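Report on one structure; see the data block that follows.
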Amino acid sequence: MSTAHTARPGTSAVRQTLPGTPPALPAGRTVRLGASRIAYEVKTYFRQGDSVFFTFLFPVVFLLIFSVAFGDQSFGKDADGNDVTAAQFYLPAMLSAGLLLSGMQNLAIDIATERSDGTLKRFGGTPLPVLSYFIGKFGQVFVTGLAQAILLLLVAGVAFGAKLPTEASAWGTFAWVFVLGVSTFAVLGIALSALPRSGKSATAVIIPIALILQFISGVYLNFSQLPEWLQNFASIFPLKWMAQGMRSVFLPSTYEGLEPGGAWNLGGVALVTGIWLVAGLIVCRFTFRWIRKDS
Amino acid sequence: MTDSDAVVSVRDLRKTYGNLAAIDGVSFDIHRGETFALLGPNGAGKSTTIEILEGYRDRTGGEAFVLGIDPTHGDLAWKARLGMVLQSTGESGNVTVSEQLTHFAGFYPNPRSVTEVIAAVGLEGKAKTMIRKLSGGQRRRVDVALGIIGRPELLFLDEPTTGFDPEARRHFWDLINLLKSEGTTILLTTHYLDEAAQLSDRAGIIAGGRLVDIGSIDELGGAEARVPIVRWRDNGVKQETRTPTPGAVVADLMRAGREPDDLQIIRPSLEDIYLELVARYEEKERVA
(Lines give C-alpha, C1' and ligand atoms only; values in the text may rest on other atoms or scores of the structure.)
Protein backbone atom coordinates (compact mmCIF):
# COMPACT_ATOMS: atom_id res chain seq x y z
CA MET A 1 0.00 0.00 0.00
CA SER A 2 2.89 2.33 -0.64
CA THR A 3 2.14 4.70 -3.48
CA ALA A 4 -1.58 5.33 -3.71
CA HIS A 5 -1.97 8.23 -6.11
CA THR A 6 -4.78 10.59 -5.38
CA ALA A 7 -7.16 10.91 -8.26
CA ARG A 8 -7.11 14.40 -9.71
CA PRO A 9 -10.39 16.25 -9.42
CA GLY A 10 -12.31 15.97 -12.64
CA THR A 11 -10.84 12.63 -13.61
CA SER A 12 -13.16 9.73 -13.90
CA ALA A 13 -14.65 8.31 -10.75
CA VAL A 14 -13.76 4.80 -11.87
CA ARG A 15 -10.08 5.52 -12.36
CA GLN A 16 -8.56 3.08 -9.95
CA THR A 17 -5.46 3.32 -7.87
CA LEU A 18 -3.75 0.09 -7.06
CA PRO A 19 -1.34 -0.74 -4.32
CA GLY A 20 2.29 -0.76 -5.38
CA THR A 21 3.73 0.34 -8.69
CA PRO A 22 4.15 -2.36 -11.33
CA PRO A 23 7.74 -3.54 -11.59
CA ALA A 24 9.53 -2.05 -14.57
CA LEU A 25 10.66 -4.65 -17.07
CA PRO A 26 14.43 -5.14 -17.07
CA ALA A 27 16.40 -3.23 -19.68
CA GLY A 28 17.91 -5.17 -22.55
CA ARG A 29 15.15 -7.74 -22.58
CA THR A 30 14.22 -6.91 -26.18
CA VAL A 31 17.60 -8.19 -27.36
CA ARG A 32 17.65 -11.14 -24.95
CA LEU A 33 14.17 -12.20 -26.04
CA GLY A 34 15.19 -11.61 -29.67
CA ALA A 35 17.99 -14.15 -29.21
CA SER A 36 15.54 -16.56 -27.59
CA ARG A 37 13.18 -16.05 -30.54
CA ILE A 38 15.98 -16.80 -33.04
CA ALA A 39 16.68 -20.16 -31.38
CA TYR A 40 12.97 -20.96 -31.34
CA GLU A 41 12.42 -19.85 -34.93
CA VAL A 42 15.35 -21.82 -36.35
CA LYS A 43 14.29 -24.93 -34.43
CA THR A 44 10.70 -24.80 -35.64
CA TYR A 45 11.78 -23.92 -39.20
CA PHE A 46 13.69 -27.14 -39.62
CA ARG A 47 10.87 -29.15 -38.05
CA GLN A 48 8.50 -27.88 -40.73
CA GLY A 49 8.93 -30.28 -43.65
CA ASP A 50 7.35 -28.16 -46.37
CA SER A 51 9.30 -25.00 -45.62
CA VAL A 52 12.54 -26.95 -45.57
CA PHE A 53 11.79 -28.28 -49.02
CA PHE A 54 10.20 -25.27 -50.74
CA THR A 55 12.46 -22.58 -49.38
CA PHE A 56 15.60 -24.28 -48.13
CA LEU A 57 16.30 -27.09 -50.59
CA PHE A 58 14.49 -25.68 -53.63
CA PRO A 59 17.44 -23.68 -55.04
CA VAL A 60 19.76 -26.59 -54.29
CA VAL A 61 17.51 -28.95 -56.22
CA PHE A 62 17.40 -26.52 -59.13
CA LEU A 63 21.16 -26.12 -59.10
CA LEU A 64 21.49 -29.90 -59.27
CA ILE A 65 19.02 -30.18 -62.12
CA PHE A 66 20.60 -27.39 -64.18
CA SER A 67 24.13 -28.63 -63.52
CA VAL A 68 23.23 -32.16 -64.62
CA ALA A 69 20.93 -31.22 -67.50
CA PHE A 70 23.36 -28.73 -69.08
CA GLY A 71 26.48 -30.55 -67.89
CA ASP A 72 27.87 -30.93 -71.44
CA GLN A 73 27.30 -27.36 -72.51
CA SER A 74 29.75 -24.55 -72.30
CA PHE A 75 28.53 -21.27 -70.88
CA GLY A 76 31.32 -19.22 -72.41
CA LYS A 77 34.96 -18.91 -71.44
CA ASP A 78 36.79 -17.13 -68.70
CA ALA A 79 39.81 -14.87 -69.18
CA ASP A 80 42.16 -17.89 -69.25
CA GLY A 81 40.10 -19.58 -71.93
CA ASN A 82 38.58 -22.21 -69.63
CA ASP A 83 34.94 -23.24 -70.11
CA VAL A 84 32.38 -21.89 -67.67
CA THR A 85 30.28 -24.84 -66.52
CA ALA A 86 26.53 -24.95 -65.91
CA ALA A 87 27.12 -25.21 -62.15
CA GLN A 88 29.25 -22.09 -62.15
CA PHE A 89 26.82 -20.23 -64.36
CA TYR A 90 23.75 -21.08 -62.24
CA LEU A 91 25.39 -20.75 -58.82
CA PRO A 92 24.92 -16.95 -58.49
CA ALA A 93 21.37 -17.21 -59.80
CA MET A 94 20.46 -19.87 -57.24
CA LEU A 95 22.17 -17.94 -54.44
CA SER A 96 20.00 -14.93 -55.17
CA ALA A 97 16.90 -17.13 -55.51
CA GLY A 98 17.77 -18.63 -52.11
CA LEU A 99 17.79 -15.16 -50.55
CA LEU A 100 14.40 -14.41 -52.06
CA LEU A 101 12.92 -17.73 -50.92
CA SER A 102 14.44 -17.84 -47.44
CA GLY A 103 13.67 -14.21 -46.86
CA MET A 104 10.62 -12.93 -48.65
CA GLN A 105 8.66 -16.04 -49.59
CA ASN A 106 9.32 -17.88 -46.35
CA LEU A 107 8.57 -14.99 -44.01
CA ALA A 108 5.52 -13.70 -45.87
CA ILE A 109 3.87 -17.14 -45.75
CA ASP A 110 5.13 -17.90 -42.25
CA ILE A 111 3.85 -14.68 -40.69
CA ALA A 112 0.53 -14.75 -42.58
CA THR A 113 0.01 -18.28 -41.26
CA GLU A 114 0.93 -17.23 -37.72
CA ARG A 115 -1.50 -14.36 -37.97
CA SER A 116 -4.36 -16.59 -39.03
CA ASP A 117 -3.73 -19.51 -36.67
CA GLY A 118 -3.68 -17.34 -33.55
CA THR A 119 0.06 -17.42 -32.84
CA LEU A 120 0.38 -13.65 -33.22
CA LYS A 121 -2.76 -13.03 -31.19
CA ARG A 122 -1.24 -15.05 -28.39
CA PHE A 123 2.02 -13.05 -28.58
CA GLY A 124 -0.05 -9.86 -28.53
CA GLY A 125 -1.31 -10.86 -25.10
CA THR A 126 2.17 -11.38 -23.68
CA PRO A 127 4.94 -8.88 -22.87
CA LEU A 128 6.94 -10.02 -25.93
CA PRO A 129 8.20 -6.87 -27.74
CA VAL A 130 7.35 -6.71 -31.46
CA LEU A 131 11.00 -5.92 -32.09
CA SER A 132 12.09 -9.18 -30.42
CA TYR A 133 9.70 -11.03 -32.70
CA PHE A 134 11.25 -9.28 -35.72
CA ILE A 135 14.76 -10.09 -34.49
CA GLY A 136 13.68 -13.73 -34.28
CA LYS A 137 12.38 -13.75 -37.85
CA PHE A 138 15.41 -11.89 -39.12
CA GLY A 139 17.72 -14.31 -37.32
CA GLN A 140 15.86 -17.27 -38.74
CA VAL A 141 16.28 -15.90 -42.27
CA PHE A 142 19.93 -15.10 -41.66
CA VAL A 143 20.77 -18.53 -40.24
CA THR A 144 18.80 -20.54 -42.78
CA GLY A 145 19.90 -18.30 -45.66
CA LEU A 146 23.55 -18.70 -44.68
CA ALA A 147 23.23 -22.48 -44.34
CA GLN A 148 21.55 -22.55 -47.73
CA ALA A 149 24.29 -20.45 -49.34
CA ILE A 150 26.98 -22.73 -47.87
CA LEU A 151 25.14 -25.78 -49.17
CA LEU A 152 24.87 -24.22 -52.63
CA LEU A 153 28.58 -23.36 -52.64
CA LEU A 154 29.45 -26.90 -51.58
CA VAL A 155 27.24 -28.50 -54.21
CA ALA A 156 28.62 -26.25 -56.96
CA GLY A 157 32.24 -26.33 -55.81
CA VAL A 158 32.64 -29.90 -54.59
CA ALA A 159 30.07 -31.95 -56.50
CA PHE A 160 30.40 -30.11 -59.84
CA GLY A 161 33.86 -28.66 -59.53
CA ALA A 162 32.77 -25.12 -60.26
CA LYS A 163 35.60 -22.62 -59.92
CA LEU A 164 34.98 -20.47 -56.82
CA PRO A 165 36.72 -17.12 -56.43
CA THR A 166 39.95 -17.05 -54.44
CA GLU A 167 40.38 -13.28 -53.99
CA ALA A 168 39.34 -11.81 -50.65
CA SER A 169 37.71 -8.87 -52.43
CA ALA A 170 35.24 -11.18 -54.21
CA TRP A 171 34.22 -12.75 -50.89
CA GLY A 172 33.94 -9.29 -49.39
CA THR A 173 31.47 -8.40 -52.13
CA PHE A 174 29.66 -11.68 -51.50
CA ALA A 175 29.39 -10.85 -47.80
CA TRP A 176 27.82 -7.41 -48.21
CA VAL A 177 25.54 -8.47 -51.06
CA PHE A 178 24.41 -11.43 -48.94
CA VAL A 179 23.76 -9.38 -45.80
CA LEU A 180 22.00 -6.63 -47.74
CA GLY A 181 19.92 -9.22 -49.60
CA VAL A 182 18.97 -11.17 -46.50
CA SER A 183 17.94 -7.99 -44.70
CA THR A 184 15.97 -6.58 -47.61
CA PHE A 185 14.09 -9.77 -48.39
CA ALA A 186 13.38 -10.44 -44.70
CA VAL A 187 11.91 -6.97 -44.32
CA LEU A 188 9.91 -7.33 -47.54
CA GLY A 189 8.62 -10.69 -46.31
CA ILE A 190 7.33 -9.10 -43.11
CA ALA A 191 5.75 -6.30 -45.13
CA LEU A 192 4.14 -8.69 -47.64
CA SER A 193 2.72 -10.89 -44.88
CA ALA A 194 -0.11 -8.38 -44.49
CA LEU A 195 -1.29 -9.12 -48.05
CA PRO A 196 -2.90 -12.59 -47.77
CA ARG A 197 -6.28 -12.44 -46.04
CA SER A 198 -5.85 -15.88 -44.55
CA GLY A 199 -3.16 -18.42 -43.82
CA LYS A 200 -4.68 -20.76 -46.36
CA SER A 201 -4.38 -18.26 -49.19
CA ALA A 202 -0.85 -17.24 -48.19
CA THR A 203 1.01 -19.65 -50.48
CA ALA A 204 -1.35 -18.87 -53.37
CA VAL A 205 -0.70 -15.14 -53.01
CA ILE A 206 3.02 -15.15 -52.27
CA ILE A 207 4.50 -17.94 -54.43
CA PRO A 208 3.38 -16.44 -57.79
CA ILE A 209 4.96 -13.11 -56.83
CA ALA A 210 8.22 -14.88 -55.99
CA LEU A 211 8.10 -17.02 -59.15
CA ILE A 212 7.47 -14.13 -61.53
CA LEU A 213 10.28 -12.14 -59.93
CA GLN A 214 12.64 -15.08 -60.40
CA PHE A 215 11.75 -15.47 -64.08
CA ILE A 216 12.18 -11.81 -64.97
CA SER A 217 15.24 -11.20 -62.82
CA GLY A 218 17.67 -13.60 -64.44
CA VAL A 219 17.39 -16.49 -62.00
CA TYR A 220 16.10 -19.21 -64.31
CA LEU A 221 16.50 -17.37 -67.59
CA ASN A 222 19.70 -15.74 -68.77
CA PHE A 223 19.16 -12.05 -67.98
CA SER A 224 21.24 -10.81 -70.91
CA GLN A 225 18.88 -12.60 -73.32
CA LEU A 226 15.71 -10.96 -72.01
CA PRO A 227 14.21 -8.10 -74.05
CA GLU A 228 15.37 -4.69 -72.97
CA TRP A 229 11.94 -3.50 -71.76
CA LEU A 230 11.69 -6.55 -69.50
CA GLN A 231 15.21 -5.94 -68.20
CA ASN A 232 14.21 -2.37 -67.40
CA PHE A 233 11.04 -3.51 -65.67
CA ALA A 234 12.92 -6.12 -63.63
CA SER A 235 15.42 -3.44 -62.61
CA ILE A 236 12.74 -1.84 -60.46
CA PHE A 237 12.85 -4.88 -58.13
CA PRO A 238 15.68 -5.92 -55.85
CA LEU A 239 16.05 -9.53 -57.04
CA LYS A 240 17.58 -8.50 -60.38
CA TRP A 241 20.22 -6.52 -58.50
CA MET A 242 20.92 -9.37 -56.08
CA ALA A 243 21.46 -11.73 -59.00
CA GLN A 244 23.74 -9.18 -60.65
CA GLY A 245 25.74 -8.71 -57.46
CA MET A 246 26.17 -12.46 -57.11
CA ARG A 247 27.21 -12.78 -60.78
CA SER A 248 29.93 -10.21 -60.17
CA VAL A 249 31.34 -12.53 -57.50
CA PHE A 250 31.09 -15.90 -59.20
CA LEU A 251 31.26 -15.26 -62.96
CA PRO A 252 34.50 -14.37 -64.72
CA SER A 253 35.17 -10.81 -65.83
CA THR A 254 34.41 -11.87 -69.41
CA TYR A 255 30.76 -11.82 -68.41
CA GLU A 256 30.75 -8.22 -67.25
CA GLY A 257 30.11 -6.92 -70.77
CA LEU A 258 26.82 -8.82 -70.95
CA GLU A 259 25.33 -6.83 -68.09
CA PRO A 260 23.12 -3.85 -68.87
CA GLY A 261 25.50 -0.94 -69.38
CA GLY A 262 28.36 -3.40 -69.69
CA ALA A 263 29.28 -3.22 -66.01
CA TRP A 264 28.53 -5.10 -62.78
CA ASN A 265 27.31 -1.80 -61.36
CA LEU A 266 27.70 -2.70 -57.68
CA GLY A 267 26.74 0.87 -56.79
CA GLY A 268 23.37 0.23 -58.42
CA VAL A 269 23.05 -3.04 -56.49
CA ALA A 270 23.59 -1.23 -53.20
CA LEU A 271 21.37 1.71 -54.12
CA VAL A 272 18.27 -0.06 -55.42
CA THR A 273 18.35 -2.82 -52.81
CA GLY A 274 18.97 -0.24 -50.09
CA ILE A 275 15.95 1.77 -51.19
CA TRP A 276 13.79 -1.36 -50.97
CA LEU A 277 15.21 -2.09 -47.54
CA VAL A 278 14.34 1.33 -46.21
CA ALA A 279 10.90 1.33 -47.87
CA GLY A 280 10.21 -2.12 -46.43
CA LEU A 281 11.25 -1.01 -42.95
CA ILE A 282 8.90 1.96 -43.13
CA VAL A 283 6.01 -0.24 -44.29
CA CYS A 284 6.68 -2.74 -41.48
CA ARG A 285 6.93 0.00 -38.90
CA PHE A 286 3.55 1.43 -39.83
CA THR A 287 1.55 -1.59 -40.88
CA PHE A 288 2.58 -4.47 -38.64
CA ARG A 289 -0.06 -5.45 -36.08
CA TRP A 290 -0.31 -8.59 -33.97
CA ILE A 291 -3.93 -8.88 -35.00
CA ARG A 292 -6.35 -7.11 -37.30
CA LYS A 293 -8.38 -5.23 -34.73
CA ASP A 294 -12.12 -5.66 -35.02
CA SER A 295 -12.01 -8.18 -37.82
CA MET B 1 -17.99 4.70 -6.04
CA THR B 2 -14.23 4.78 -5.69
CA ASP B 3 -13.09 1.27 -5.00
CA SER B 4 -9.37 1.03 -4.45
CA ASP B 5 -9.60 -2.74 -4.56
CA ALA B 6 -10.95 -3.09 -8.09
CA VAL B 7 -8.62 -4.89 -10.48
CA VAL B 8 -11.09 -4.51 -13.33
CA SER B 9 -13.47 -1.60 -13.52
CA VAL B 10 -15.95 -1.15 -16.34
CA ARG B 11 -18.49 1.66 -16.66
CA ASP B 12 -21.14 1.91 -19.35
CA LEU B 13 -19.03 -0.08 -21.79
CA ARG B 14 -20.21 0.06 -25.39
CA LYS B 15 -19.12 -1.60 -28.59
CA THR B 16 -20.97 -1.11 -31.83
CA TYR B 17 -20.39 -2.65 -35.24
CA GLY B 18 -22.22 -0.45 -37.74
CA ASN B 19 -25.56 0.04 -36.02
CA LEU B 20 -25.41 -3.25 -34.17
CA ALA B 21 -24.64 -2.84 -30.48
CA ALA B 22 -22.58 -5.85 -29.41
CA ILE B 23 -22.17 -4.37 -25.93
CA ASP B 24 -24.71 -1.87 -24.79
CA GLY B 25 -23.80 -0.20 -21.52
CA VAL B 26 -22.17 -2.80 -19.30
CA SER B 27 -20.79 -1.87 -15.85
CA PHE B 28 -19.07 -4.02 -13.27
CA ASP B 29 -16.05 -4.24 -10.98
CA ILE B 30 -13.85 -7.19 -10.17
CA HIS B 31 -12.10 -6.98 -6.83
CA ARG B 32 -8.62 -8.13 -5.98
CA GLY B 33 -8.51 -11.87 -5.40
CA GLU B 34 -12.00 -12.39 -6.68
CA THR B 35 -13.15 -14.84 -9.36
CA PHE B 36 -15.83 -13.28 -11.49
CA ALA B 37 -17.79 -15.24 -14.09
CA LEU B 38 -19.36 -13.66 -17.14
CA LEU B 39 -22.24 -15.86 -18.26
CA GLY B 40 -24.54 -15.59 -21.22
CA PRO B 41 -25.71 -17.20 -24.46
CA ASN B 42 -23.51 -17.30 -27.56
CA GLY B 43 -23.22 -13.87 -29.14
CA ALA B 44 -24.32 -12.10 -25.95
CA GLY B 45 -21.10 -10.09 -25.79
CA LYS B 46 -18.99 -12.08 -23.31
CA SER B 47 -15.97 -12.51 -25.55
CA THR B 48 -16.21 -8.99 -26.91
CA THR B 49 -16.13 -7.67 -23.34
CA ILE B 50 -13.18 -9.84 -22.38
CA GLU B 51 -11.28 -8.92 -25.57
CA ILE B 52 -11.78 -5.21 -24.88
CA LEU B 53 -10.35 -5.72 -21.39
CA GLU B 54 -7.42 -7.70 -22.84
CA GLY B 55 -6.66 -4.85 -25.24
CA TYR B 56 -7.49 -6.80 -28.40
CA ARG B 57 -10.49 -4.68 -29.32
CA ASP B 58 -11.18 -0.98 -28.97
CA ARG B 59 -14.38 0.05 -27.26
CA THR B 60 -16.82 2.47 -28.83
CA GLY B 61 -17.86 4.11 -25.57
CA GLY B 62 -17.71 4.01 -21.81
CA GLU B 63 -14.73 3.44 -19.58
CA ALA B 64 -12.57 0.45 -18.81
CA PHE B 65 -9.65 0.05 -16.46
CA VAL B 66 -7.61 -3.09 -15.99
CA LEU B 67 -5.01 -2.96 -13.23
CA GLY B 68 -5.65 0.78 -13.23
CA ILE B 69 -4.77 1.17 -16.92
CA ASP B 70 -6.97 1.78 -19.94
CA PRO B 71 -6.47 -1.41 -22.01
CA THR B 72 -6.33 0.66 -25.21
CA HIS B 73 -3.00 1.97 -23.93
CA GLY B 74 -1.71 -1.12 -22.18
CA ASP B 75 2.07 -1.46 -22.52
CA LEU B 76 4.37 -4.45 -22.08
CA ALA B 77 4.78 -3.93 -18.32
CA TRP B 78 0.98 -4.05 -18.08
CA LYS B 79 0.79 -7.23 -20.16
CA ALA B 80 3.44 -8.82 -17.94
CA ARG B 81 0.92 -8.72 -15.09
CA LEU B 82 -1.85 -10.41 -17.07
CA GLY B 83 -2.52 -13.96 -18.15
CA MET B 84 -4.81 -14.70 -21.09
CA VAL B 85 -6.41 -17.93 -22.15
CA LEU B 86 -8.08 -17.05 -25.43
CA GLN B 87 -11.15 -18.75 -26.75
CA SER B 88 -9.64 -20.37 -29.81
CA THR B 89 -6.15 -21.31 -30.78
CA GLY B 90 -4.91 -23.38 -33.67
CA GLU B 91 -1.16 -23.12 -33.84
CA SER B 92 0.76 -25.77 -35.73
CA GLY B 93 2.71 -26.60 -32.57
CA ASN B 94 6.06 -27.79 -33.85
CA VAL B 95 7.48 -27.59 -30.34
CA THR B 96 7.11 -29.75 -27.28
CA VAL B 97 4.97 -28.74 -24.33
CA SER B 98 8.06 -28.16 -22.25
CA GLU B 99 9.86 -26.13 -24.96
CA GLN B 100 6.83 -23.91 -25.49
CA LEU B 101 6.37 -23.20 -21.79
CA THR B 102 10.07 -22.54 -21.24
CA HIS B 103 10.05 -20.12 -24.17
CA PHE B 104 7.01 -18.21 -22.92
CA ALA B 105 8.29 -18.20 -19.33
CA GLY B 106 11.19 -16.12 -20.63
CA PHE B 107 8.82 -13.30 -21.61
CA TYR B 108 7.88 -12.63 -17.98
CA PRO B 109 9.88 -11.03 -15.17
CA ASN B 110 8.86 -13.54 -12.49
CA PRO B 111 7.54 -16.72 -14.11
CA ARG B 112 6.37 -19.89 -12.43
CA SER B 113 8.41 -23.06 -12.67
CA VAL B 114 7.78 -24.85 -15.98
CA THR B 115 7.77 -28.28 -14.33
CA GLU B 116 5.25 -27.17 -11.73
CA VAL B 117 2.93 -25.62 -14.29
CA ILE B 118 3.06 -28.74 -16.48
CA ALA B 119 2.15 -30.81 -13.43
CA ALA B 120 -0.58 -28.36 -12.42
CA VAL B 121 -2.36 -28.80 -15.77
CA GLY B 122 -1.84 -32.56 -15.64
CA LEU B 123 0.49 -32.93 -18.62
CA GLU B 124 3.49 -34.51 -16.84
CA GLY B 125 3.48 -37.45 -19.23
CA LYS B 126 3.36 -35.16 -22.27
CA ALA B 127 6.12 -32.68 -21.44
CA LYS B 128 8.31 -33.95 -24.28
CA THR B 129 5.48 -34.41 -26.78
CA MET B 130 5.01 -32.07 -29.74
CA ILE B 131 1.97 -29.87 -29.17
CA ARG B 132 0.55 -30.80 -32.57
CA LYS B 133 0.39 -34.43 -31.49
CA LEU B 134 -1.81 -33.67 -28.47
CA SER B 135 -5.57 -34.12 -28.36
CA GLY B 136 -7.86 -31.08 -28.38
CA GLY B 137 -8.37 -31.19 -24.64
CA GLN B 138 -4.64 -31.57 -23.99
CA ARG B 139 -3.86 -28.59 -26.24
CA ARG B 140 -6.39 -26.60 -24.28
CA ARG B 141 -4.46 -27.47 -21.14
CA VAL B 142 -1.33 -26.10 -22.80
CA ASP B 143 -3.27 -22.87 -23.43
CA VAL B 144 -4.15 -22.71 -19.74
CA ALA B 145 -0.53 -23.43 -18.80
CA LEU B 146 0.66 -20.58 -21.07
CA GLY B 147 -1.90 -18.32 -19.44
CA ILE B 148 -0.54 -18.87 -15.94
CA ILE B 149 3.19 -19.32 -16.64
CA GLY B 150 3.84 -15.60 -16.09
CA ARG B 151 2.35 -15.63 -12.57
CA PRO B 152 -0.41 -13.17 -13.54
CA GLU B 153 -2.17 -10.91 -11.07
CA LEU B 154 -5.22 -11.06 -13.29
CA LEU B 155 -6.11 -14.10 -15.36
CA PHE B 156 -8.61 -14.03 -18.24
CA LEU B 157 -10.17 -17.40 -18.96
CA ASP B 158 -12.37 -17.39 -22.06
CA GLU B 159 -14.20 -20.73 -22.10
CA PRO B 160 -11.16 -22.51 -20.75
CA THR B 161 -12.58 -26.02 -20.35
CA THR B 162 -14.06 -26.53 -23.82
CA GLY B 163 -13.10 -30.03 -24.92
CA PHE B 164 -12.17 -31.27 -21.44
CA ASP B 165 -13.43 -34.62 -20.22
CA PRO B 166 -15.11 -34.57 -16.76
CA GLU B 167 -11.92 -35.68 -15.03
CA ALA B 168 -9.84 -32.96 -16.70
CA ARG B 169 -12.48 -30.43 -15.75
CA ARG B 170 -12.29 -31.45 -12.07
CA HIS B 171 -8.52 -31.24 -12.30
CA PHE B 172 -8.83 -27.76 -13.79
CA TRP B 173 -11.12 -26.68 -10.96
CA ASP B 174 -8.47 -27.73 -8.46
CA LEU B 175 -5.94 -25.66 -10.35
CA ILE B 176 -8.18 -22.58 -10.33
CA ASN B 177 -8.80 -23.00 -6.60
CA LEU B 178 -5.04 -23.14 -6.11
CA LEU B 179 -4.59 -19.91 -8.10
CA LYS B 180 -7.36 -18.30 -6.07
CA SER B 181 -5.66 -19.31 -2.85
CA GLU B 182 -2.54 -17.54 -4.13
CA GLY B 183 -4.57 -14.38 -4.60
CA THR B 184 -4.97 -14.40 -8.41
CA THR B 185 -7.91 -12.37 -9.66
CA ILE B 186 -9.82 -14.24 -12.37
CA LEU B 187 -12.30 -13.26 -15.05
CA LEU B 188 -13.97 -16.37 -16.42
CA THR B 189 -16.45 -16.98 -19.20
CA THR B 190 -18.00 -20.40 -19.50
CA HIS B 191 -21.00 -22.27 -20.81
CA TYR B 192 -20.87 -24.69 -17.92
CA LEU B 193 -23.00 -23.28 -15.15
CA ASP B 194 -21.81 -25.87 -12.65
CA GLU B 195 -18.29 -24.65 -13.35
CA ALA B 196 -19.27 -21.04 -12.71
CA ALA B 197 -21.04 -22.07 -9.49
CA GLN B 198 -18.04 -24.11 -8.40
CA LEU B 199 -15.35 -21.52 -9.13
CA SER B 200 -16.66 -18.00 -9.00
CA ASP B 201 -17.44 -15.69 -6.14
CA ARG B 202 -19.64 -13.47 -8.22
CA ALA B 203 -21.15 -13.63 -11.68
CA GLY B 204 -22.66 -11.30 -14.23
CA ILE B 205 -25.24 -12.55 -16.68
CA ILE B 206 -25.06 -10.86 -20.03
CA ALA B 207 -27.69 -11.11 -22.76
CA GLY B 208 -28.02 -9.03 -25.91
CA GLY B 209 -25.02 -6.95 -24.87
CA ARG B 210 -26.60 -5.94 -21.55
CA LEU B 211 -25.93 -7.07 -18.03
CA VAL B 212 -29.26 -8.55 -16.89
CA ASP B 213 -28.06 -9.46 -13.42
CA ILE B 214 -24.95 -9.34 -11.32
CA GLY B 215 -24.24 -10.61 -7.85
CA SER B 216 -22.73 -13.34 -5.74
CA ILE B 217 -23.52 -16.83 -6.95
CA ASP B 218 -26.10 -17.43 -4.23
CA GLU B 219 -27.83 -14.09 -4.78
CA LEU B 220 -28.27 -14.12 -8.57
CA GLY B 221 -31.85 -13.85 -9.72
CA GLY B 222 -32.97 -12.55 -6.32
CA ALA B 223 -34.82 -14.39 -3.58
CA GLU B 224 -37.78 -15.09 -5.86
CA ALA B 225 -35.72 -17.12 -8.30
CA ARG B 226 -34.54 -19.35 -5.47
CA VAL B 227 -37.97 -20.37 -4.24
CA PRO B 228 -37.95 -24.17 -4.13
CA ILE B 229 -40.11 -26.18 -6.46
CA VAL B 230 -42.16 -29.15 -5.27
CA ARG B 231 -42.97 -31.65 -8.03
CA TRP B 232 -45.00 -34.78 -7.93
CA ARG B 233 -47.38 -36.85 -10.01
CA ASP B 234 -51.06 -37.13 -9.27
CA ASN B 235 -52.70 -40.02 -11.12
CA GLY B 236 -50.03 -39.71 -13.79
CA VAL B 237 -50.50 -35.93 -14.17
CA LYS B 238 -47.45 -33.78 -13.44
CA GLN B 239 -47.97 -31.30 -10.62
CA GLU B 240 -45.66 -28.47 -9.68
CA THR B 241 -45.76 -25.67 -7.16
CA ARG B 242 -43.24 -23.08 -6.03
CA THR B 243 -43.19 -22.40 -2.36
CA PRO B 244 -40.90 -21.07 0.34
CA THR B 245 -42.34 -23.79 2.62
CA PRO B 246 -41.97 -27.08 0.73
CA GLY B 247 -42.26 -29.10 3.94
CA ALA B 248 -45.77 -27.75 4.54
CA VAL B 249 -46.77 -28.58 0.95
CA VAL B 250 -45.56 -32.13 1.35
CA ALA B 251 -47.33 -32.41 4.73
CA ASP B 252 -50.58 -31.26 3.09
CA LEU B 253 -50.15 -33.85 0.35
CA MET B 254 -49.64 -36.56 2.96
CA ARG B 255 -52.71 -35.43 4.89
CA ALA B 256 -54.70 -35.86 1.67
CA GLY B 257 -54.12 -39.50 2.28
CA ARG B 258 -51.40 -41.13 0.26
CA GLU B 259 -47.75 -41.06 -0.70
CA PRO B 260 -47.35 -38.79 -3.80
CA ASP B 261 -45.70 -40.39 -6.85
CA ASP B 262 -42.27 -39.12 -7.98
CA LEU B 263 -42.05 -36.54 -5.20
CA GLN B 264 -39.18 -34.05 -5.63
CA ILE B 265 -38.20 -30.90 -3.83
CA ILE B 266 -35.90 -28.88 -6.06
CA ARG B 267 -33.81 -25.91 -5.14
CA PRO B 268 -33.12 -24.03 -8.39
CA SER B 269 -29.51 -24.48 -9.45
CA LEU B 270 -27.48 -21.68 -10.98
CA GLU B 271 -28.35 -23.22 -14.32
CA ASP B 272 -32.12 -22.98 -13.63
CA ILE B 273 -31.76 -19.39 -12.49
CA TYR B 274 -29.59 -18.50 -15.45
CA LEU B 275 -32.02 -20.02 -17.94
CA GLU B 276 -34.90 -18.20 -16.34
CA LEU B 277 -33.08 -14.85 -16.39
CA VAL B 278 -32.13 -15.24 -20.03
CA ALA B 279 -35.65 -16.39 -20.96
CA ARG B 280 -37.12 -13.43 -19.10
CA TYR B 281 -34.79 -11.07 -20.98
CA GLU B 282 -35.67 -12.60 -24.34
CA GLU B 283 -39.36 -12.38 -23.56
CA LYS B 284 -38.99 -8.68 -22.72
CA GLU B 285 -37.10 -8.06 -25.96
CA ARG B 286 -39.78 -9.85 -27.97
CA VAL B 287 -42.54 -7.71 -26.46
CA ALA B 288 -40.59 -4.49 -26.84
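Quick note on labels: first sequence line is chain A, next is B, and so on, each numbered from 1. From a predicted model like this one, the values you see are computed outputs, not experimental measurements.
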Relative to chain A, which segment of B/Asn110 carries a heavy atom at a distance below 4.5 Å: side chain, backbone, both, or neither?
neither
Relative to chain B, which segment of A/Leu33 carries a heavy atom at a distance below 4.5 Å: side chain, backbone, both, or neither?
side chain
With a 4.5 angstrom heavy-atom cut-off, which part of B/Phe104 approaches chain A: side chain, backbone, both or neither?
side chain
Side chain from CB out, backbone as N, CA, C, O: work out which of these in A/Arg32 comes under 4.5 Å of a heavy atom of chain B, or both, or neither.
side chain
Shorter than 4.5 Å, heavy atoms on both sides: which option in A/Gln48, A/Arg122, A/Arg29 has the most such pairs with chain B?
A/Arg122
Looking at B/Arg59 and B/Glu54, is any side-chain nitrogen of the basic one under 4.0 Å from a carboxylate oxygen of the acidic one?
no
Could you go through residues 130-143 of chain A and list every donor-acceptor pair under 3.5 Å that involves a side-chain atom there, pairing it with any protein atom two or more places apart or in another chain?
residue, atom, partner, partner atom, Å
A/Ser132, OG, A/Thr30, O, 2.8
A/Tyr133, OH, A/Glu114, OE1, 2.6
A/Lys137, NZ, A/Glu41, OE1, 3.0
A/Lys137, NZ, A/Glu41, OE2, 2.9
A/Lys137, NZ, A/Asp110, OD2, 2.7
A/Lys137, NZ, A/Glu114, OE1, 3.3
A/Lys137, NZ, A/Glu114, OE2, 3.4
A/Gln140, OE1, A/Asn106, ND2, 3.0
A/Gln140, NE2, A/Glu41, OE1, 3.4

So does A/Lys43 have more than 12 non-hydrogen atoms from other groups sitting under 6.0 Å from NZ?
yes
Please determine if B/Arg141 and B/Asp143 form a salt bridge, counting it only when a charged side-chain N lies under 4.0 Å from a carboxylate O.
no
In a table with atom names and distances, give each donor-acceptor pair under 3.5 Å that connects a side chain of residues 279-288 of chain A to protein atoms at least two apart or in another chain.
residue, atom, partner, partner atom, Å
A/Thr287, OG1, A/Val283, O, 2.7

